[in-house]
Amino acid sequence: MDFLTWENDQFVSIAMIQRPPANALSSQLIKEIDQWLTAVEHDQQVRCLLIHGEGRFFSAGADIKEFTQIEDGVAFSELAKRGQHVFERMESFSKPIIASIHGAALGGGLELAMGCHIRYVSDKAKLGLPELQLGLVPGFAGSQRLPRLVGFAKAAEMLLTSEPISGTEAVQWGLANKAVSEEEVFEKSKALALRMAQQSPIAVKAALDLLQYAKNADFEKGADKEAEWFGEVFTSNDAKEGIEAFIQKRTPVFKGE
Ligand SMILES: C/C=C/C(=O)SCCNC(=O)CCNC(=O)[C@H](O)C(C)(C)COP(=O)(O)OP(=O)(O)OC[C@H]1O[C@@H](n2cnc3c(N)ncnc32)[C@H](O)[C@@H]1OP(=O)(O)O
């Protein structure tokens with residue numbers, strides 16, 4: 001594993017994203033998250049999973065620098081589908097997964113966190129889906145998961161302004177379970193994981209399966225549509241401008257083409 005390490009202790013598997021400076025979700029990192037799930041899925045010594053990030057951020061999203069190496073919209077849609085598959089696997093996993101978020105969970109970083117069952121956040125963390133600022137749309141099913149958590153109006157505001165909200169607001173909005181200080185967030189998340197690992201794994205599996213029924217029946221269609229749009233929007237000049245502007249550290253100028 002290059003970018004994800006994990007250790008199992010007291011029935012909890014704790015994974016740490018280690019991809020400085022921003023823990024950006026490259027294709028390789030997403031693959032490693034999938035490999036983590038495979039490694040612990042049938043391990044009876046693991047009853048609960050916890051993911052967090054090393055350094056300043058949980059994750060600042062998909063790797064914008066990797067985007068410049070992608071040649072066409074079809075490849076971009078495929079990238080979206082691969083991420084969607086792994087995050088869907090997390091959400092429908094038979095063991096609970098907790099995200100411990102500090103610093104920032106933006107774009108794909110928030111989409112990863114929304115694939116988890118529970119989110120503990122630091123009060124000042126920035127949470128958002130800022131893809132429109134890059135001339136893009138979310139690609140890892142964020143456009144479908146966010147409204148389910150915060151409601152349509154708040155999701156629309158977050159998407160259409162690209163403005164992040166704080167960890168404290170995220171709890172008020174229903175996006176996160178608990179906000180604590182940055183120093184405390186990992187320890188509190190771990191304590192929660194240890195507590196949940198005390199429950200019957202059979203009952204936990206059943207409860208998680210039941211929770212899946214609360215999903216909107218149109219979710220898959222929406223996620224498919226999202227991957228399609230992700231590929232199409234990627235080929236626009238505005239997306240090139242948005243990505244270039246990010247790398248050059250300047251404000252993008254979008255022309256609507
Ligand atoms: C399907 C999914 C799609 C997506 O997820 S699209 C991506 C969505 N995410 C974003 O748009 C967030 C972009 N990043 C930021 O807004 C900011 O960064 C932060 C708020 C996270 C941090 O800001 P600050 O504290 O001022 O640090 P800094 O100098 O901007 O970033 C530190 C280094 O991290 C790199 N970086 C940040 N985010 C990403 C990213 N998503 N992909 C690749 N690199 C990233 C920067 O470029 C820089 O690097 P260097 O020090 O070499 O200049």
Side-chain angles (χ1 to χ4, degrees), residues 2-3 17-31 33-34 52-70 73-88 90 99 101-115 121-122 124-146 155 158-167 170 182 222-236 238-252 254:
D2 295 328
F3 307 121
I17 305 169
Q18 290 178 303
R19 193 159 185 267
N23 289 336
L25 295 169
S26 60
S27 309
Q28 176 61 25
L29 175 50
I30 290 175
K31 205 182 284 177
I33 294 172
D34 199 33
H52 69 127
E54 188 182 53
R56 289 170 60 206
F57 313 112
F58 174 74
S59 168
D63 189 338
I64 301 172
K65 291 167 189 169
E66 194 180 71
F67 287 174
T68 58
Q69 291 151 28
I70 297 173
V74 175
F76 215 54
S77 279
E78 279 162 7
L79 178 147
K81 286 206 166 166
R82 283 194 298 272
Q84 286 182 4
H85 171 77
V86 175
F87 297 171
E88 177 58 30
M90 294 177 87
I101 300 165
H102 74 290
L106 296 172
L110 181 58
E111 291 172 306
L112 163 66
M114 289 192 291
V121 292
S122 64
K124 295 190 180 63
K126 289 182 179 175
L127 290 87
L129 293 181
E131 286 87 347
L132 268 74
Q133 202 163 276
L134 297 166
L136 299 173
V137 289
F140 299 149
S143 66
Q144 304 303 297
R145 285 203 174 88
L146 188 64
M158 286 176 73
L159 274 171
L160 299 175
T161 63
S162 293
E163 287 291 327
I165 59 172
S166 70
E182 180 149 336
D224 278 351
K225 192 72 204 164
E226 185 186 84
E228 236 176 73
W229 270 114
F230 196 63
E232 194 167 327
V233 167
F234 176 69
T235 57
S236 72
D238 278 354
K240 286 191 191 72
E241 164 65 7
I243 292 165
E244 255 171 47
F246 175 80
I247 288 167
Q248 294 164 2
K249 299 184 186 292
R250 61 175 174 80
T251 308
F254 294 127

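Counting starts at 1 for both ligands and their atoms, following the listed order. Note that the structure is predicted; figures quoted are calculated from it, not measured.
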With sequence neighbours excluded, what pairs up with [X] under the side-chain contact (heavy atoms from CB on, under 4.5 Å) test?
X: Gln69; value: Glu66
X: Thr235; value: none
X: Leu25; value: Leu29, Ile30, Ile33, Ser59, Phe87, Leu112

Problem set entry | Donor-acceptor contact present, side-chain His102 to main-chain Glu54, <3.5 Å |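 No; zero donor-acceptor contacts below 3.5 Å.
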
Exercise. Would Glu228 and Lys225 pass as an ion pair if we require N to O under 4.0 Å?
Worked result: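 Answer for the salt bridge query: yes.
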
For this session: May I ask you to say whether Arg56 pairs ionically with Glu182, meaning some side-chain N is under 4.0 Å from a carboxylate O?
Result: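 No salt bridge links Arg56 with Glu182.
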
For this session: Below 4.0 Å from any atom of ligand 1, which residues have a heavy atom? Give them in chain and number order, please.
Result: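 Contacting ligand 1 under 4.0 Å are Pro21, Ala22, Ala24, Arg56, Phe57, Ala60, Gly61, Ala62, Asp63, Ile64, Lys65, Phe67, Leu106, Gly107, Gly108, Glu111, Pro130, Glu131, Leu134, Gly139, Phe140, Phe230, Phe246, Lys249.
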
